[in-house]
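The sequence lines fix the lettering, A, B, ..., with proteins before strands; numbering per chain opens at 1.
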2 protein chains.
Amino acid sequence: MKKSVVTKVKLTRNQSLVLDSLIKAGQPSGAYALLDTLRPHGFKAPLQIYRALEQLIDLGLAHRLESLNAFIACSHVSCESSGATAFVICDKCETVQEICDESISNFLSSLARKTKIRASKSSIELHGLCNGCSAVSHS
Amino acid sequence: MKKSVVTKVKLTRNQSLVLDSLIKAGQPSGAYALLDTLRPHGFKAPLQIYRALEQLIDLGLAHRLESLNAFIACSHVSCESSGATAFVICDKCETVQEICDESISNFLSSLARKTKIRASKSSIELHGLCNGCSAVSHS
DNA sequence: GAAACATGTGTTATAATATTACATAAGTCA
DNA sequence: TGACTTATGTAATATTATAACACATGTTTC
């Protein structure tokens, strides 16, 4: 669906800093949260974040979570990023599982075929309570 | 996943107006676009739109498209809204196909099982070019 | 009907997210 | 070097969404 298959990309300083922040966060992070984190490194405007994110996403090193307006580092060493990725999000502890297997791409292919669309981008996000949180929250 | 199974709900005036606008639009509409449409009917503030939308979505009469920050009327007479709905969106003509069959719910169940999540909400959105637009755009 | 409660409304202000526009700098390649 | 593309800095602004408060309407219970 996308090209990608990145072997060795040289990230710019800004891109590296944003990616590092995302990785350290280990959670979905909003653009403005990233900005605050990076102010000590000289970042001053949201655009610096958004521009870096755009690149990282194109390279498959980061993903955008549409339902959260947030971003997360790709959890695969370097996501082959067929575009066929699903995110499973715990609404309590904010843990995100990034799933990227044949069941996802098969499902998407089948959906595209049925609806006669030439697909270019997908977003699959499942919200709920993860195993741990589900056990605790017996409200 | 949701309750729903709405047989006959009495919508308030605001809710009816918003739903009518959504239906007339026949396309994804942003909250502020709806507000503009409804100013002649006395709407003045975004909150009036957002509050109506919240109800309509709870009732399964409208859906939110996360990747567009937009809303659309449910295309099923009254969506049983198992929550298992997928949206296929043409980025050119903005047509949206709302798919709601077993393949969707099976896929989501399987994903929830694999990731051990107790799912409460899902969002599946596939972007691309629809059959018609795909034929034209031979750039 | 009156008291108590939940739900819907109107309105103002503000928060959170994202982009436009323009000037400058740095990397790439003929 | 010159031409070109890509990245950057910065300010301003656009777009989307919510908080807070006052008031009204509806429903249930007694």
From CD of A:Gln48 across to C1' of D:dT10 the rounded distance in Å is 8 Å
Please give, in whole Å, the distance from C:dT7 P to B:Asn14 CG? 17 Å
What is the separation between atom CG on A:Asp36 and atom P on C:dA15, rounded to the nearest whole Å? 14 Å
Would you mind telling me which residue lines up with the more 5' stretch of DNA chain C, B:Tyr32 or A:Leu68, judged by nearest nucleotide? B:Tyr32
Spacing of B:Leu68 atom CG and B:Gln27 atom CD [to the nearest 0.5 Å]: 10.5 Å
Whether A:Glu125 side chain and A:Phe87 backbone form a donor-acceptor pair below 3.5 Å: no
To the nearest Å, give me how far apart CZ (B:Arg13) and C1' (C:dT9) are. 12 Å
Between D:dA17, C:dT11, C:dA18, which one does the side chain of B:Pro46 approach most closely? D:dA17
Which of D:dT16, D:dT8, C:dT11 is nearest the side chain of A:Arg51? It is D:dT8
Per atom distances to the B:Thr12 side chain, the nearest of C:dG8, C:dA18, D:dA20 is C:dG8
Just the rounded figure in Å: distance from P of C:dT9 to CD of B:Glu54. 12 Å
Write down the distance between CG (B:Leu11) and C1' (C:dT7), rounded to a whole number of angstrom. 14 Å
Donor-acceptor pair between B:Asn14 and B:Thr12 side chains, under 3.5 angstrom: no
Among C:dG10, D:dT16, D:dA7, the one nearest any side-chain atom of A:Gln55 is D:dA7
Residue met sooner reading DNA chain C from 5', once B:Gly42 and B:Asn69 are mapped to nucleotides: B:Gly42
Under 3.5 Å, is there a donor-acceptor pair linking the side chains of B:Ser67 and B:His127? yes
Under 4.0 Å between a side-chain nitrogen and a carboxylate oxygen: does that hold for B:Glu66 and B:Arg64? yes
Starting at CZ of B:Phe43 and ending at P of C:dT12, how long is that distance when rounded to a whole Å? 16 Å
Taking the side chain of A:Arg64 as its heavy atoms from C-beta onward, which of D:dT18, D:dT8, C:dA18 lies nearest to it? C:dA18
With respect to the side chain of B:Phe71, which nucleotide from D:dA17, C:dG10, C:dT19 is positioned closest? D:dA17
Nearest to the side chain of B:Ala45, heavy atoms from C-beta on, is which of C:dT9, C:dT12, D:dT8? C:dT12
Provide, to the nearest angstrom, the distance between the CG atom belonging to A:Asp58 and the P atom belonging to D:dT6. 12 Å
Per A:Tyr50 side chain, nearest of listed nucleotides D:dT16, C:dT19, C:dG10: C:dT19
